[in-house]
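Data block below; observations after.
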Number of protein chains: 4
Amino acid sequence: MIEPPAPETRTNRRGRRSRQEILDAAARVMSVRGYAGTSMSALSKETGLPKSAFYHHFESKAGLLSAVMEQGAHAFFAAMRETHRNPPEDGTPHERLRWYLRRTGDVMENGEEFLRLLLVLVMSREAAEAPEALQTVISVREEGRAYMAHMIRSSFAGAGEETADQVANALAAFGMAGYDGAFVALQSEGGGRPVSEWMDQLADALAALGEAIVAGGADAC
Amino acid sequence: MIEPPAPETRTNRRGRRSRQEILDAAARVMSVRGYAGTSMSALSKETGLPKSAFYHHFESKAGLLSAVMEQGAHAFFAAMRETHRNPPEDGTPHERLRWYLRRTGDVMENGEEFLRLLLVLVMSREAAEAPEALQTVISVREEGRAYMAHMIRSSFAGAGEETADQVANALAAFGMAGYDGAFVALQSEGGGRPVSEWMDQLADALAALGEAIVAGGADAC
Amino acid sequence: MIEPPAPETRTNRRGRRSRQEILDAAARVMSVRGYAGTSMSALSKETGLPKSAFYHHFESKAGLLSAVMEQGAHAFFAAMRETHRNPPEDGTPHERLRWYLRRTGDVMENGEEFLRLLLVLVMSREAAEAPEALQTVISVREEGRAYMAHMIRSSFAGAGEETADQVANALAAFGMAGYDGAFVALQSEGGGRPVSEWMDQLADALAALGEAIVAGGADAC
Amino acid sequence: MIEPPAPETRTNRRGRRSRQEILDAAARVMSVRGYAGTSMSALSKETGLPKSAFYHHFESKAGLLSAVMEQGAHAFFAAMRETHRNPPEDGTPHERLRWYLRRTGDVMENGEEFLRLLLVLVMSREAAEAPEALQTVISVREEGRAYMAHMIRSSFAGAGEETADQVANALAAFGMAGYDGAFVALQSEGGGRPVSEWMDQLADALAALGEAIVAGGADAC
DNA sequence: AATGAATGAGCATTCATTCAT
DNA sequence: CATGAATGAATGCTCATTCAT
């Protein structure tokens with residue numbers, strides 16, 4: 001005789017679901033109120049789960065943050081790779097950069113929650129108690145820079161591998177700063193301007209700076 | 001023989017001084033731990049003043065934040081105007097932009113505390129209880145953009161007033177994003193790269209984008 | 001070998017009991033020191049429970065007061081109805097009033113705590129933050145008056161229903177004032193005089209006033 | 001040549017005036033919020049005087065309460081004696097009691113503030129720190145009882161001095177309870193019924209009880 | 001796996017009071 | 001006589017966390 005799980009069963013086997021609900025709520029609330037500004041009680045109210053459930057699934061508040069960041073990072077870069085699956089195989093660097101960055105802007109819009117929390121953690125040390133989360137932050141920044149370098153390198157592939165590398169190294173940090181700055185502006189000034197416009201302008205700038213490097217050799221940093 | 005007032009006198013009658021000490025400590029600590037992450041007790045320990053003294057000088061924690069932001073904003077823009085007192089009267093837009101932005105970078109280094117707190121407030125809503133502080137944040141962003149426009153306009157003055165205006169309007173937001181993004185990078189990756197390099201690269205990008213606008217008319221946004 | 005639960009076990013799982021302990025302590029202390037004069041810390045010391053336990057069981061200090069008043073009112077009127085279960089079915093109004101009021105006096109002695117807190121809340125607005133408690137106060141006064149009317153009406157039942165009603169309406173408020181005034185005197189002058197004497201005298205007065213109404217029709221208010 | 005006091009002089013010589021302002025504000029606020037519920041800060045805001053001024057004029061919060069009570073008691077009994085200056089020299093005890101109590105009701109209406117604070121102090125021990133004030137409370141109750149006895153004795157003077165004394169002793173406490181109870185009712189139920197009606201009914205009751213004593217000798221307590 | 005009760009440290013804020021000017 | 005600044009204890013309340021069931 002089969003005992004089908006009641007649709008609103010109070011028993012166990014909701015483990016995985018609860019865990020994910022908690023992670024989602026934590027990402028949502030912490031990205032808005034910051035880590036210190038988010039209390040376990042608030043998350044308990046938000047999810048309807050008792051506070052003790054949080055400690056069943058996570059070691060501590062800091063551990064919860066770490067898990068949130070890890071999952072967010074994973075999703076973010078997965079989305080990035082996914083959206084860039086079929087890059088253009090020719091075209092000017094400018095065109096290619098536009099293609100890359102436009103898509104990158106789409107990912108920004110979807111990963112707003114994660115990026116907001118990431119930047120808050122970057123700026124303030126309010127989560128000093130969560131070293132794992134801080135480690136994730138550092139990795140994400142690093143990987144982000146690497147990804148930006150990859151996009152630039154690909155876009156300048158036509159200029160030769162060595163040159164493309166040189167350009168990518170020179171501009172990756174600046175590209176990422178443009179990305180971060182655009183995100184800050186979007187958070188601050190709201191929808192005054194669509195993301196795509198920010199990304200196009202960034203592509204324009206990177207293209208111009210890159211061409212200068214290609215043309216001049218080592219004259220620009 | 002003169003009896004100088006003991007430098008560490010425990011008297012009252014030091015109203016203004018206490019107030020400023022509190023403001024300084026609050027700016028320092030809040031910029032590091034965020035608003036929610038900064039407790040009045042922590043500030044009390046930091047300053048040596050009892051908690052009640054804080055409520056003598058400020059209405060509440062939110063009121064203290066507002067005062068911190070106001071004073072920080074005032075100092076920031078004062079430093080900006082001061083450092084740009086004798087702008088170059090000729091030279092290429094590129095040279096002029098470099099001059100402006102280099103100095104702007106110096107102000108960034110001195111105003112790190114203020115800018116960090118500002119960005120944290122921009123990103124998270126953790127200070128929703130301090131509407132005056134949020135208002136200051138908005139004003140600062142606005143004024144910052146206007147200042148960036150002013151620098152670009154001045155740099156392109158040689159191309160005619162109307163063109164300079166057009167360039168400034170088209171690039172001010174991007175310039176500010178570059179500034180913000182560089183600040184984020186500095187907070188995150190630390191001193192891997194001096195501010196001046198960031199600012200030079202930003203000047204290069206703005207110059208290139210600006211020249212394109214001057215050359216092409218309305219082809220770039 | 002049986003391990004009986006230690007009678008003073010420090011376990012949790014005693015939700016109801018803790019709640020009741022808190023209510024009792026609050027009733028006791030608040031009735032003596034007033035609402036504003038009673039601190040949560042004092043109640044914490046009194047009960048041995050940590051302050052946070054209070055907020056687990058009640059929303060706030062005001063909510064605690066409301067619960068105290070509600071439970072007190074419930075117990076008070078239950079005791080009243082209980083003590084008057086078998087009223088005399090004949091006798092003069094004077095005799096019957098004495099029977100009723102004597103028993104009412106007993107309830108006063110047992111409900112001293114509740115009545116003291118009730119009167120403090122009636123007199124001062126010190127619990128303005130607890131509107132539910134104030135509502136209870138109003139209900140209790142109303143119900144008290146109705147109960148006094150019921151006692152008078154029953155006592156004068158021999159004079160016909162209409163007359164009894166008339167007498168009850170005319171004297172209920174005065175009867176209640178006598179009850180309140182006697183309680184005040186007992187609080188103030190202490191045991192100079194037993195409650196029964198106060199109640200007898202009140203019965204005498206109500207009987208005399210009532211007879212006058214019965215005799216004269218509408219000549220007394 | 002007369003030096004008129006400048007209407008808004010900032011200098012001294014406002015001592016007496018400040019003191020009285022403080023006393024008035026304290027009586028007003030404490031009678032509404034209770035002693036514990038009234039903070040020195042609230043009184044400071046209410047009067048516009050700095051908190052330190054309070055300690056210039058009074059020793060402490062408890063001392064202030066004592067002064068408030070003392071002044072209130074003084075005024076209350078002065079008003080009582082004043083309003084009863086020309087008592088009726090003949091008439092039935094009933095008529096005379098009505099005359100006395102009606103006027104007593106007027107004093108109640110004017111002394112509401114004082115009586116409210118008095119009763120709160122009687123009921124709760126929230127001012128245990130102010131023994132002088134508590135002493136005043138006791139004295140006032142005592143003097144009140146004596147005054148009630150005086151009114152009854154005068155009203156029954158026609159029955160002979162000894163009998164009048166007997167009646168006064170037997171009824172003074174009850175009379176005062178009726179007075180207190182009426183005051184409680186007025187605070188609680190508000191203006192549902194004018195004071196004069198309460199006082200008339202009390203006079204009726206006292207007259208009836210008194211006549212019974214006069215008639216029966218020692219049969220009533 | 002899930003939960004209601006408990007816990008004590010810590011929170012922002014207000015308290016009565018003091019004191020130098 | 002008047003006052004603005006200071007002070008530390010206490011206020012009501014929330015925090016992250018634990019634990020028996």
Side-chain angles (χ1 to χ4, degrees), chain A residues 9-19 36 38-44 49-62 64 129, chain B residues 9-19 36 38-44 49-62 64 129, chain C residues 5 9-19 36 38-44 49-62 64 129, chain D residues 9-19 36 38-44 49-57 59-62 64 129:
Chain A
T9 178
R10 270 289 185 72
T11 62
N12 50 15
R13 277 311 118 197
R14 294 215 317 121
R16 277 278 115 72
R17 191 154 29 205
S18 287
R19 199 190 130 92
T38 300
S39 74
M40 297 299 260
S41 295
L43 295 178
S44 166
L49 270 54
K51 278 181 286 194
S52 36
F54 289 71
Y55 291 88
H56 185 70
H57 293 290
F58 305 94
E59 226 188 34
S60 63
K61 192 187 176 189
L64 174 54
E129 330 148 15
Chain B
T9 177
R10 269 295 170 75
T11 165
N12 42 15
R13 277 301 133 218
R14 2 181 278 112
R16 275 281 118 71
R17 191 147 35 193
S18 287
R19 201 189 127 95
T38 301
S39 75
M40 296 301 259
S41 294
L43 296 178
S44 165
L49 271 58
K51 281 184 279 190
S52 42
F54 289 71
Y55 291 87
H56 183 69
H57 292 289
F58 305 93
E59 231 185 32
S60 62
K61 192 187 175 187
L64 173 55
E129 329 146 15
Chain C
T9 177
R10 269 295 170 74
T11 166
N12 42 14
R13 277 298 133 217
R14 359 180 281 113
R16 276 280 118 72
R17 192 146 34 192
S18 287
R19 200 190 130 95
T38 300
S39 77
M40 295 302 257
S41 295
L43 295 178
S44 167
L49 271 59
K51 281 185 279 188
S52 41
F54 288 70
Y55 292 88
H56 182 69
H57 292 288
F58 304 93
E59 228 185 36
S60 62
K61 193 188 175 188
L64 174 55
E129 330 147 14
Chain D
T9 177
R10 269 290 184 75
T11 61
N12 50 14
R13 274 314 118 199
R14 294 215 316 122
R16 276 279 115 71
R17 189 148 35 198
S18 287
R19 200 189 129 92
T38 301
S39 74
M40 298 299 260
S41 295
L43 295 178
S44 166
L49 271 55
K51 279 182 286 195
S52 37
F54 289 71
Y55 291 87
H56 185 70
H57 292 291
E59 226 188 34
S60 63
K61 192 187 175 188
L64 173 55
E129 331 147 13

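Values below: all heavy atoms of this structure, side chains included; hydrogens, waters and symmetry mates excluded.
Of all heavy-atom pairs spanning Ala62(D) and Glu129(D), the tightest one is CB-O, 3.7 Å.
For the pair Phe58(C)/Arg19(C), a side-chain contact is recorded, criterion being any heavy-atom separation below 4.5 Å from C-beta on.
Partners of Tyr55(D) under the side-chain contact (heavy atoms from CB on, under 4.5 Å) rule, at least two apart in sequence or in another chain, are Met40(D). Ser41(A) is linked by a side-chain contact (heavy atoms from CB on, under 4.5 Å) to Ser39(A), Lys51(A), counting only residues two or more places apart in sequence or in another chain.
Look at His57(C) and you'll find a side-chain N or O under 4.0 angstrom from OP1 or OP2 of dA6(E). Within the structure, every side-chain polar atom (N or O) of Ser18(C) is placed at least 4.0 Å from both OP1 and OP2 of dA5(E).
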For every nucleotide of nucleotides 8-14 of chain E, 5' to 3': is a protein heavy atom under 4.0 Å from its base (B), only from its sugar-phosphate (S), or from neither (-)?
B-BSSBB
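Atoms CZ (Phe54(C)) and C1' (dC15(F)) sit 18 Å apart, rounded to a whole Å. The NE2 atom of His56(C) sits 10 Å away from the C1' atom of dT3(E) (whole-angstrom rounding).
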Dot-bracket pairing map - DNA chain E, Watson-Crick plus G-U, both contacts under 3.5 Å, | cross-strand
.||||||||||||||||||||
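Ser44(A) places a side-chain N or O within 3.5 Å of a backbone atom of Leu49(A) that can act as its donor or acceptor partner.
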